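Heads up, the thing below is written out as structure tokens.
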Amino acid sequence: MTTPRRASRGDAIFHYNLDPGQRVSVAKRLVNPSLLAARLFRLAASEAKAPHLIGRWLCIFLFSSDVSRGARFEGPIDLPHPVGITIGTGAIVGPRVRIYQNVTIGSSRAGLYPRIGEGVTIYSNAVVAGGLTVGDGAVIGANCTVTQNVPERSVVRSLPIA
């Protein structure tokens, strides 16, 4: 199990694109909004009631983001603009995932949640919903709605407006 301190350090190394042996000051980890949001997202996803309630309330209050109890973060995450992000109960977010503002990772009508693979980038205003898998290294473009599996290292983009 990853400790909160180790998770925070991993998030900082990923965010600042550092080598694993390099250090990130505690001050940088405390004042950077992306890193604060990552810590609060993990707290809000906690199965324990009190940490979940505190983390969720702080996510909503500080970032207008909502992370449900039971969402899973399997490694470092980066939230460059952590505003308006919603992550549902059964969502699984793999390591080294970068999520931009106003992204929703939610359920289908049947209550199934997505699994986001390693190294995925999800750009602004994207919706990833249902019991699907987004393969490792995939990129979900801005304003896309994804309801089917996405193969590894593929790019999903919306159609241009003519």
Side-chain angles (χ1 to χ4, degrees), residues 1-4 6-8 10-11 14-15 33-161:
M1 181 176 170
T2 303
T3 65
R6 184 169 290 169
S8 174
D11 292 339
F14 179 46
H15 177 78
S34 299
L35 299 176
L36 174 60
R39 283 192 305 279
L40 291 176
F41 276 35
R42 292 177 196 285
L43 188 63
S46 173
E47 290 288 343
K49 189 173 184 175
H52 162 70
L53 291 173
I54 293 166
R56 186 173 185 205
W57 184 86
L58 288 169
C59 282
I60 292 168
F61 181 75
L62 295 173
F63 300 106
S64 297
S65 293
D66 192 5
V67 179
S68 297
R69 176 191 250 168
R72 283 190 13 221
F73 299 96
E74 295 183 332
I77 57 172
D78 187 24
L79 308 165
H81 306 287
V83 176
I85 298 169
T86 302
I87 301 177
T89 299
I92 300 170
V93 178
R96 299 184 318 105
V97 170
R98 185 165 280 128
I99 303 171
Y100 285 84
Q101 67 271 20
N102 299 316
V103 166
T104 298
I105 301 173
S107 73
S108 64
R109 288 184 182 190
L112 302 173
Y113 287 87
R115 180 182 192 325
I116 311 298
E118 181 175 349
V120 171
T121 300
I122 306 174
Y123 285 101
S124 305
N125 301 313
V127 175
V128 181
L132 59 96
T133 299
V134 177
D136 295 348
V139 175
I140 308 297
N143 302 313
C144 288
T145 300
V146 178
T147 59
Q148 297 178 1
N149 289 335
V150 176
E152 290 185 1
R153 288 176 273 297
S154 61
V155 176
V156 177
R157 64 182 184 92
S158 59
L159 296 175
I161 298 174

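We use all heavy atoms of the structure for the numbers below, so side chains are in, but hydrogens, waters and symmetry mates are not. The structure presented is a predicted model; accordingly, all values stated were derived computationally and were not measured.
His52 places no side-chain N or O within 3.5 Å of a backbone atom of Ala45 that could act as its donor or acceptor partner. Under a 3.5 Å cut-off, the side chain of Arg69 and the backbone N or O of Glu47 do form a donor-acceptor pair. Distance alone, capped at 3.5 Å, is enough to place a donor-acceptor pair between the Ser65 side chain and the Ile85 backbone. A distance-only check finds a donor-acceptor pair linking the side chain of Asp11 to the backbone of Ile77 [under 3.5 Å].
Between Tyr113 and Thr89, the shortest heavy-atom contact is CE2-N, 3.6 Å. Pairing each heavy atom of Ala138 with each of Pro151, the nearest pair is CB-O, 3.9 Å. Of all heavy-atom pairs spanning Pro51 and Ser46, the tightest one is CB-OG, 3.9 Å. When all heavy atoms are compared, the tightest approach of Ala91 to Ile105 is CB-CG2, 3.7 Å. Residues Ser158 and Cys144 come closest through the heavy atom pair N-SG, 3.2 Å. Val97 approaches Gly94 most closely through the heavy-atom pair CG2-O, 3.1 Å.
Figure legend: cation-pi geometry between Arg98 and Phe14, with NZ or CZ positioned under 6.0 Å from the six-membered ring centre and within 45° of its axis.
Looking only at side-chain heavy atoms (C-beta outward), Phe63 and Leu36 come within less than 4.5 Å of each other.
Summarising the geometry, atom CG belonging to Asp66 is positioned 10.0 Å from atom OG1 belonging to Thr104; distances are rounded to the nearest 0.5 Å. Between Glu74 atom CD and Ile116 atom CD1 the span is 11.0 Å, to the nearest 0.5 Å. Residue Arg115 holds its CZ atom at 12.0 Å from CG of Asn149, rounded to the nearest 0.5 Å. Residue Asn125 holds its CG atom at 5.0 Å from CG of Asn102, rounded to the nearest 0.5 Å.
Ring planes of Tyr123 and Tyr100: parallel class, angle under 30° (limits at 30 and 60°).
A side chain to side chain contact (heavy atoms under 4.5 Å, CB included) with Val120 is found for exactly one of Val150, Ile99, Asp136, Val134, namely Val134.
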